[in-house]
Amino acid sequence: MRKEETVKLISAEGFEFVIHKDAAMVSQTIRNMLTSPGSFAETEHGEVTFPEISTTILEKICKYFYWNLQYASGKQTEFHIEPELVLELMMAANYLHT
């Protein structure tokens with residue numbers, strides 16, 4: 001993948017997830033951050049920092065983005081969520097509009 005095709009998502013602990021831009025666009029919030037007119041840092045650098053989202057939760061969110069793309073293309077598989085992550089995932093999903 002070329003750099004223009006990727007997005008770097010950075011967790012509260014500073015861990016970086018480099019994912020395909022199409023996957024990141026599953027989130028309406030990230031889509032808005034990356035496509036807004038103007039000179040926003042997220043648009044210019046293709047990086048989005050989430051100071052309130054932990055590494056564990058952001059990793060699960062990235063997995064969900066890819067699962068969502070597969071599901072939309074007709075591949076219906078189960079997406080497992082560990083019970084101990086449910087509350088934090090719901091809060092992050094609400095913020096990310098996913």
Side-chain angles (χ1 to χ4, degrees):
M1 280 187 289
R2 296 187 323 224
K3 186 174 181 181
E4 304 84 43
E5 298 174 348
T6 63
V7 175
K8 186 185 296 184
L9 306 180
I10 305 169
S11 72
E13 296 86 5
F15 195 87
E16 300 176 351
F17 296 89
V18 178
I19 65 172
H20 199 276
K21 199 172 201 173
D22 290 342
M25 295 297 191
V26 167
S27 164
Q28 188 63 46
T29 301
I30 294 174
R31 178 189 310 255
N32 291 341
M33 288 176 171
L34 296 175
T35 60
S36 295
S39 299
F40 294 102
E42 292 87 0
T43 305
E44 290 182 13
H45 304 293
E47 293 182 9
V48 182
T49 302
F50 297 103
E52 300 295 324
I53 300 178
S54 70
T55 299
T56 304
I57 297 301
L58 191 55
E59 179 181 20
K60 194 69 165 179
I61 289 167
C62 290
K63 289 178 181 180
Y64 170 77
F65 291 161
Y66 283 106
W67 176 86
N68 185 281
L69 290 178
Q70 290 180 344
Y71 185 84
S73 68
K75 183 178 179 185
Q76 297 183 5
T77 60
E78 194 171 303
F79 186 75
H80 179 72
I81 299 174
E82 295 80 4
E84 61 272 11
L85 301 180
V86 171
L87 182 59
E88 283 185 82
L89 276 171
M90 285 176 47
M91 292 188 310
N94 183 52
Y95 172 72
L96 295 171
H97 295 275
T98 56

Exercise for review: Not counting sequence neighbours, which residues clear salt bridge (charged side-chain N to carboxylate O under 4.0 Å, His left out) with Glu82? List them please.
Suggested key: Lys60
Practice item. Test Ile61 against Leu9 for side chain to side chain contact (heavy atoms under 4.5 Å, CB included), laying out the working first. Key: CA-CA 10 Å; Ile61 289 167; Leu9 306 180; 5.8 Å; no
Point to revise | Partner residues of Asn32 under the side-chain hydrogen bond (donor to acceptor under 3.5 Å, both in side chains) criterion, sequence neighbours left out | key: Gln28
Check your understanding: What about Ile10 and Ile53, same hydrophobic cluster or not, with Ile/Leu/Val/Met/Phe/Trp/Tyr joined at side-chain heavy-atom distances under 4.5 Å?
Key -> no
Taking distance alone, no hydrogens or angles, what donor-acceptor pairs closer than 3.5 Å link side-chain atoms of residues 71-79 to residues at least two apart or in another chain?
unit_1 : atom_1 : unit_2 : atom_2 : d
Ser73  : OG     : Leu69  : O      : 3.4
Ser73  : OG     : Gln70  : O      : 2.8
Thr77  : OG1    : Trp67  : NE1    : 3.1

Check your understanding: What closest approach, in Å, do Ala12 and Pro51 show between heavy atoms, and which atom pair accounts for it?
Key -> CB-O, 3.2 Å
Study note, to complete from the structure: Between the CG atom in Leu87 and the CD1 atom in Ile57, the distance rounded to the nearest 0.5 Å is 9.0 Å
Check your understanding: CE of Met91: more than 12 outside heavy atoms within 6.0 angstrom?
Key -> yes
Review point. Quick one: salt bridge (charged side-chain N to carboxylate O under 4.0 Å, His left out) pairs with a partner in residues 7-18, sequence neighbours left out?
Key: Lys8-Glu16, Lys8-Glu47
Exercise for review: Not counting sequence neighbours, which residues clear side chain to side chain contact (heavy atoms under 4.5 Å, CB included) with Met25? List them please.
Suggested key: Lys21, Arg31, Leu34, Thr35
Exercise for review: Check the pair Tyr66 / Ile19 against side chain to side chain contact (heavy atoms under 4.5 Å, CB included), numbers first and verdict last.
Suggested key: CA-CA 9 Å; Tyr66 283 106; Ile19 65 172; 3.5 Å; yes
Check your understanding: Which pairs, with at least one residue in residues 86-95 and sequence neighbours excluded, count as a side-chain hydrogen bond (donor to acceptor under 3.5 Å, both in side chains)?
Key -> none
Check your understanding: Between Ile30 and Phe65, does a side chain to side chain contact (heavy atoms under 4.5 Å, CB included) hold up when you go through it step by step?
Key -> CA-CA 11 Å; Ile30 294 174; Phe65 291 161; 3.9 Å; yes
Check your understanding: About how many Å separate CZ of Phe50 and CG of Leu58, when rounded to the nearest 0.5 Å?
Key -> 6.5 Å
**Study point:** Main-chain N/O of Ser11 paired with Thr55 side-chain donor or acceptor, under 3.5 Å
**Key:** no
